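Order of the sequence lines fixes the chain letters, A, B, ..., with proteins taken first and strands second; residue numbering starts at 1 for each chain. Only a predicted model underlies this, so the values are computations on that prediction, with no experimental measurement involved.
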Amino acid sequence: MLKTQTCGELRSEHDGQSVLLAGWVHRRRDQGGLIFIDLRDRWGITQVVVNQETAPEAHAVASGARNEYVLQVKGAVRIRPEGTANDELETGAIEVVASEIVLLNAAKTPPFYINKEEKIDEVERMRYRYLDLRRPRMQRNIILRHKIVKFIRDYLDERDFVEIETPILFKTTPEGARDFLVPSRLMPGHFYALPQSPQQLKQLLMVAGYERYFQIARCFRDEDLRGDRQPEFTQLDLEMSFVQREDVIDLIEGMMIELSEKVAGKTPLIKPFPRLTYTEAMEKYGSDKPDIRYDLTAVDVTDLAGKSGFQVFVDNAAAGKPVKVIRAPGLLRGKEDPTKALSGEGLKRLMKELEDLIRTTGAKGLAWMALPLEENGEVKGPIGKFFTVEQKVELFERVDAQAGDILLFTSDKRETVYEVVNVLRRHLAEALGLVDSDTVAFCWVIDFPMFYWNEEEQRWDPSQHMFTSPVPEDIPLLDTDPGAARGSQYDLACNGYEVAGGSIRIHSRELQEKMFPLIGQDMEHAREEFGHMLEAFEYGVPPHGGIASGIDRLAMVLAGEPNIREVIAFPKTQKGADIMAHAPSEPDPRQLEELYLRVVVPEEEQEQ
RNA sequence: GGGGACGUGGUGUAGCGGUUAACAUACUGCCCUGUCAAGGCAGAGAUCGCGGGUUCGAACCCCGUCGUCCCCGCCA
């Protein structure tokens, strides 16, 4: 080894020890006859000091060194002189007095700071990803990610799980997303599909009798990117035989708690994790992956508002459309001076902003009431006058309204109300400073509807995938009222992200076959695509179920990062490109020839 | 496919119709033996993403285009 110690490990007890360090110049402070170099490696930073008088050759090398030069330093550990210790640095009690310095490699001036936390343009970060990855933030995240995966492997290994790899070159997996295709050279005109998840394969492993399988699996979905979504991503994929919902939930909940506490150092806000039915989640939070770090829950006041004098609410209530209220605590208070209430232009602007926001959901408007700060002040807002004093009292009691709160009313068809609630919660939480990126708040969402109606295609779509079993008591509903049937699906949400989702699977061929016509697939096609599954189902399938958890997203939440790219070493841009290596790129014509492919790009696309 | 934001020395920002295009930092040189975001002095570095238009005059206004990001659609 070119080093005997790392730059993170030396302490006072190493005083006098002779060491060999190697790393990058993090910073250099040239005092003339004395040069200080902060030498950095993955483990930390150690101050190297070079004295011109005692080590003239080393001093000359240090003098010519610049940021990010790669150096090897031979020297002796010394406790820093009285008054020069640095408490900020883990190795700050000591320094290494250099006797020899070898320049292992010079470096160009980096295009951005390695030694400073600063926002840098994404293009630059991606183009020089190997430099971006040197920065402390990325090192922290990438190492945290490693620890998460390592913890998961150990946790599952201790519980007798077997890690089994499944193919990347496979065939279309019915998760509903667009497939990435890979042409076959040996079978001209045929294509592999990259797996959207190892769903079928893990179920077949249950048929195969492994009982407890997991995999840290790469998955691929050819859909547009988002802040929490990349076209290729990593999942903890897991399946167990002879289990019920509770077994899977218990296993994962235990794992998530330990991951948060032992690996990420964050205690989950509520333990055990709260469980919400899908309906509860939608009614209270307007989302099936609610962020429960903050309250801001929607309260149903349809009955009350239906009796008010406000015609819109009366009509909607009569038509079965809900009226919901979100209490925004202290929203009326001024930003600079919380003892003063917003009024006039300030209030107008605030409400305009909220109204613009909720219009993106298709909602027509936002009614509101503001509770004055002073004892006997007037309730402000356009709809106050439509409620009697008694109605207002009851309303305020129901939502626990306080002085300075603004109550936001939304009423529309149910789906729109949900969306408004979701959008408002997220916005208000941010605006009121209720979001803490150091907190993790998990909750389970269960009792999803088995299907939702696809208006366009005029058919039922599975709300998870076609292998999800209905909850046992709802199986008869498949024949009578599929829309009312609940699936055995369970999702785990954390901080407003879905971090895991799974279900108990169908393990009977009859029931599985029943699914195809319901979701608008004819049997012939189903047999073609999934014949191997149906056939396997005839050879003694154990009851089984499992779950999958997006590792990238989980790492993002545990790291408190706002974007999934921050926990992926080499992520893709929103167009799915790698700006560093220039992927995707045009293939060599000979490659296409070998694959019997011809590229036909429409003219308007070519011009670009 | 749609909506929005951004693009100014290497980096981060200011400037938003007439500026010598400002500031911080990085960079280069010199000085300096206890610094740690070192300090001091000097210096170099920008046709303001690209193309077109409006104007006596454009970094600034308009149109287009490219790129990045956020969101909807899509995707669980």
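In this structure, the side-chain hydrogen bond (donor to acceptor under 3.5 Å, both in side chains) partners of A:R145, at least two apart in sequence or on a different chain, are A:T234, A:D552. For A:T361, the side-chain hydrogen bond (donor to acceptor under 3.5 Å, both in side chains) criterion is met by no residue, not counting sequence neighbours. Listed by chain and residue number, A:R486 satisfy the side-chain hydrogen bond (donor to acceptor under 3.5 Å, both in side chains) test with A:D474 (two or more places apart in sequence, or in another chain). Applying the side chain to side chain contact (heavy atoms under 4.5 Å, CB included) criterion to A:Q52, with sequence neighbours excluded, gives A:H59. With sequence neighbours excluded, the residues forming a side-chain hydrogen bond (donor to acceptor under 3.5 Å, both in side chains) with A:R359 are A:E355, listed by chain and number. With sequence neighbours left out, A:E90 forms a salt bridge (charged side-chain N to carboxylate O under 4.0 Å, His left out) with A:R11. Partners of A:F448 under the ring-ring contact (aromatic ring centres under 6.0 Å, His included) rule, at least two apart in sequence or in another chain, are A:Y278. A:E253 is linked by a salt bridge (charged side-chain N to carboxylate O under 4.0 Å, His left out) to nothing, counting only residues two or more places apart in sequence or in another chain.
Among A:H465, A:Q489, A:Q464, A:R245, the one residue that satisfies the side-chain hydrogen bond (donor to acceptor under 3.5 Å, both in side chains) test with A:S503 is A:Q464.
Mapping A:Q235 and A:R565 onto RNA chain B by nearest heavy atom places A:R565 at the nucleotide closer to the 5' end.
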With a cut-off of 3.5 Å and sequence neighbours excluded, list every side-chain donor-acceptor pair involving residues 106-117 of chain A.
from	atom 1	to	atom 2	distance (Å)
A:N115	ND2	A:H26	O	2.9

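Nearest nucleotide to the A:D224 side chain, out of B:rG34, B:rG73, B:rU68: B:rG73. The side chain of A:E118 lies closest to B:rU11 when the candidates are B:rC71, B:rU11, B:rC36.
Residue-level contact check: A:G501 touches neither bases nor backbone, having no heavy atom under 4.0 Å from any strand.
Dashed line: the shortest gap from a side-chain N or O of A:N67 to OP1 or OP2 of B:rC27 is under 4.0 Å. Checking the phosphate oxygens (OP1, OP2) of B:rU28, a side-chain nitrogen or oxygen of A:R66 falls inside 4.0 Å. A sub-4.0 Å separation between OP1 or OP2 of B:rC70 and a side-chain N or O of A:N563 is present.
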Report all interatomic pairs (protein N or O, nucleotide N or O of nucleotides 8-10 of chain B) with separations under 3.5 Å.
from	atom 1	to	atom 2	distance (Å)
B:rG10	O2'	A:P111	O	2.7
B:rG10	N2	A:Y113	OH	2.9

What N/O pairs connect the protein and nucleotides 43-50 of chain B at under 3.5 Å? Give each pair on its own line.
none

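Of the residues in residues 416-428 of chain A, none lies under 4.0 Å from RNA chain B by heavy-atom distance.
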